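Just below is one structure, and these are the notes that go with it.
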Number of protein chains: 2
Amino acid sequence: MSETYGIPRPSLRRLPIYYRHLIEMAERQVPYVSSKDLGQNAGVPASQVRKDLSYLHEYGRPGVGYDTKALAGYLEEFLGLANDKEAILVGVGNLGRALTLYPGFAQYGLQIIALFDIDPAKIGQTVGDREVLPMFKLVDLARRLKVQMGIITVPPHAAQEVASAMVSGGIKVIWNFAPCKLTVPAEVLVKSEDLAAELAALSHHIMRRSQVLAPATE
Amino acid sequence: MSETYGIPRPSLRRLPIYYRHLIEMAERQVPYVSSKDLGQNAGVPASQVRKDLSYLHEYGRPGVGYDTKALAGYLEEFLGLANDKEAILVGVGNLGRALTLYPGFAQYGLQIIALFDIDPAKIGQTVGDREVLPMFKLVDLARRLKVQMGIITVPPHAAQEVASAMVSGGIKVIWNFAPCKLTVPAEVLVKSEDLAAELAALSHHIMRRSQVLAPATE
DNA sequence: TATACTTTGTGACAAAAGTAACAAACGTTG
DNA sequence: CAACGTTTGTTACTTTTGTCACAAAGTATA
Ligand SMILES: NC(=O)c1ccc[n+]([C@@H]2O[C@H](COP(=O)([O-])OP(=O)(O)OC[C@H]3O[C@@H](n4cnc5c(N)ncnc54)[C@H](O)[C@@H]3O)[C@@H](O)[C@H]2O)c1
Ligand SMILES: NC(=O)c1ccc[n+]([C@@H]2O[C@H](COP(=O)([O-])OP(=O)(O)OC[C@H]3O[C@@H](n4cnc5c(N)ncnc54)[C@H](O)[C@@H]3O)[C@@H](O)[C@H]2O)c1
């Protein structure tokens, strides 16, 4: 069962897309949004949208659509976007810096409250108001501040040790950008973002595409 | 049918993970790798690995496993990782810079051959040996060099116009990091990496987790 | 060679996800 | 208010994906 307290995983992952469209529509003062609308924006059929929303228990009005603000508010609550979520980020390299400086995450309630690195040259530097701290402070800080999320942007060979430190610090959710497998206790959730793997899958498409399109002899 | 020339999409996306483990094992001179091994590394059951590999037509040896180098080589060919794929990247901000400077993509055959931005302050700058070019050069350059992939790392409000320019330049595959929907002709493949949406889905888990774990009264 | 292990490939089955269809609900228009 | 178009919630169905189980194929050992 890949369910997550009642809602299938693929549905859950579509909700933020709907949410984003609703916010946009709310800004434009559009009072109602239809499943057709939401579907076109998300690239899924309207029936899919209705099914996804039926897992939640917020209802729309036949002939009209969904109340824009009400549904946006409900999704915000369901996804916990209004709740503040505090995170630490380890590995202040190019990617870590980009994630730290990205303002979009704050709109979803994420606060990156501390940065860590092993490189003495980086420790003490400031990135977006936050100072880069040495690794030995990680476990204690995470524990003291009850940090909810850990973001890993170190090279893969260092990722496991960072993950273990986060676990020691009581962190229960890890967002991992290093291309490797992490071993953690069962109660810890690891979500990996493997961009290189996505690229490799895309690479296959590019090949097949040029094969199909180039020798147009047939 | 979400098949991709015979192989289901989820299987295709697991292949790079297997590939990575095989490369590691090859470096350690391990001659054979079993489906159990591959599965543990990828976080899927061994039967899943065998099924995925059965879509390709490279076979393993019962009682032994898969020939490490042979399978790695076959996956490399199947995924087209050895083929050079030329890409342009538009939007040399924090994320664009990180992607440009990341050496890992080159291992998968990706060459980012040109950078573009609209900001006069960035045009002419150099990022990892590549000069940032003005937007008006995009279409012509893409067409002349038969660029295969476009990478979009501009703010969402600018993404559609960039995508359209890429299409005009004959680009057939777009890797989009802006959190928005892109409308392109059917023959163009868009793969979107929506990190904020992933975060929002994670946010839901964090909420549910703290609810389940904190009030342990029941 | 016989026997005791491993491990593969696959076909049958189970679960999950997506699609389509439609009655019921609603608004609008004349 | 009746007729018509729109849109919902849900059910039934199809397709896709994942899991399991096992015969067959291989290795190792005595
Ligand atoms: N940059 C990208 O576009 C990109 C794309 C895909 C994947 N990734 C992955 O993301 C991760 C980070 O990539 P990057 O480009 O930012 O790398 P980077 O080399 O720029 O940064 C890595 C940082 O981690 C620090 N670090 C190394 N070992 C550490 C340790 N044991 N503890 C704490 N800090 C440590 C380094 O000092 C450095 O600051 C890598 O795993 C990479 O494979 C990056
Ligand atoms: N940085 C992150 O961690 C992160 C995370 C999730 C999503 N994103 C998305 O990735 C994209 C880039 O993020 P970023 O943090 O690098 O932003 P950024 O503001 O640092 O960089 C954006 C760049 O795009 C350029 N640009 C703007 N309009 C343009 C146009 N019309 N044509 C060409 N170039 C243009 C800007 O000059 C700037 O250099 C955004 O869409 C953002 O939402 C970023």
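Source: prediction; values computed, not measured. Naming: A, B, ... by sequence-line order, numbering from 1 per chain. Because only heavy atoms are used, hydrogens play no part in the values below, and waters and symmetry mates are left out as well, while side chains stay in.
- Taking 4.5 Å as the limit, some side-chain heavy atom of A:L189 sits within range of a side-chain heavy atom of B:L202.
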Could you list the donor-acceptor pairs under 3.5 angstrom formed by side chains in residues 65-74 of chain B, with sequence neighbours left out?
from  : atom 1 : to    : atom 2 : distance (Å)
B:D67 : OD1    : B:K69 : N      : 3.2
B:D67 : OD1    : B:A70 : N      : 2.8
B:T68 : OG1    : B:V30 : O      : 2.7
B:T68 : OG1    : B:P31 : O      : 2.8
B:T68 : OG1    : B:Y32 : N      : 3.2

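- Pairs of residues two or more places apart, or lying in two chains, that qualify as salt bridge (Lys or Arg N to Asp or Glu O under 4.0 Å) and include a residue from residues 23-32 of chain B are B:E24-B:R28.
- Here the nucleotide nearest the side chain of B:S54, chosen from D:dG9, C:dT10, D:dG18, is C:dT10.
- Between A:E58 atom CD and D:dT8 atom C1' there is a gap of 14 Å when expressed in whole angstrom units.
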Generate the contact string for nucleotides 24-30 of chain C. Rules: B means base contact, S means sugar-phosphate contact only, - means no protein heavy atom under 4.0 Å. -BBS---
What pairs of donor and acceptor atoms, side-chain ones from residues 155-164 of chain B against any protein atom, are under 3.5 angstrom apart with sequence neighbours left out?
from   : atom 1 : to     : atom 2 : distance (Å)
B:Q160 : OE1    : B:T183 : N      : 2.8
B:Q160 : NE2    : B:S164 : OG     : 3.2
B:Q160 : NE2    : B:T183 : O      : 3.0
B:S164 : OG     : B:Q160 : O      : 3.0

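- In this structure, B:L71 places its CG atom 14 Å from C1' of C:dG9, rounding to the nearest Å.
- A rotation axis mapping the C1' atoms of four pairs onto the next four is fitted at both ends of the helix from C:dT1-D:dA30 to C:dG30-D:dC1 over five pairs, and the angle between these axes is 10° to 10 degrees.
- Atom pair B:R9:CZ and D:dG18:P shows a separation of 13 Å (rounding to whole Å applied).
- The stretch residues 27-41 of chain B does not touch DNA chain D, since none of its heavy atoms comes less than 4.0 Å from the strand.
- If you take CG of B:L56 and P of C:dT10, they are 12 Å apart, rounded to a whole angstrom.
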List the steps, then state whether side chain to side chain contact (heavy atoms under 4.5 Å, CB included) holds for A:I17 with A:L38. CA-CA 9 Å; A:I17 317 288; A:L38 286 165; over 6 Å; no
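- Rounded to whole Å, atom C1' of D:dT8 lies 16 Å from atom NE2 of A:H57.
- Scanning for ring pair (Phe, Tyr, Trp, His ring centres under 6.0 Å) contacts around B:Y102 gives B:F105, with sequence neighbours left out.
- Remark: P of C:dA17 and CG of A:L53 are 16 Å apart, rounded to the nearest angstrom.
- The shortest distance between side-chain heavy atoms of A:M166 and A:V188 does not fall below 4.5 Å.
- We find that CZ of B:R13 is positioned 15 Å from C1' of D:dT16, with the value rounded to whole Å.
- Here A:K191 pairs with B:E198 under the salt bridge (charged side-chain N to carboxylate O under 4.0 Å, His left out) rule; sequence neighbours left out.
- Side chain of A:T153 to backbone of A:G91: a donor-acceptor contact under 3.5 angstrom is found.
- The shortest distance between the side-chain N/O atoms of A:Y55 and the OP1/OP2 oxygens of C:dA17 is not below 4.0 Å.
- Sorted by first and then second residue, the pairs that involve residues 76-85 of chain A and meet side chain to side chain donor-acceptor pair (under 3.5 Å), not counting sequence neighbours, are A:Y19-A:E76, A:K85-B:S203.
- Evaluation of the salt bridge (charged side-chain N to carboxylate O under 4.0 Å, His left out) rule for A:R14 yields A:D52 as partners, not counting sequence neighbours.
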Polar-atom pairs under 3.5 Å, protein N or O versus N or O of nucleotides 19-21 of chain C: list them with distances, or write none.
from   : atom 1 : to    : atom 2 : distance (Å)
C:dT19 : O4     : A:K51 : NZ     : 3.0

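- Side-chain N or O atoms of A:Q148 include one that pairs as donor or acceptor with a backbone N or O of A:E86 at under 3.5 Å.
- Annotation: side chain of B:L115 is in contact with side chain of B:L89 (closest heavy-atom distance under 4.5 Å).
- For A:R97, the salt bridge (charged side-chain N to carboxylate O under 4.0 Å, His left out) test picks out no residue, with sequence neighbours left out.
- Atom P of nucleotide C:dT10 and atom CG of B:D52 are separated by 13 Å, given to the nearest angstrom.
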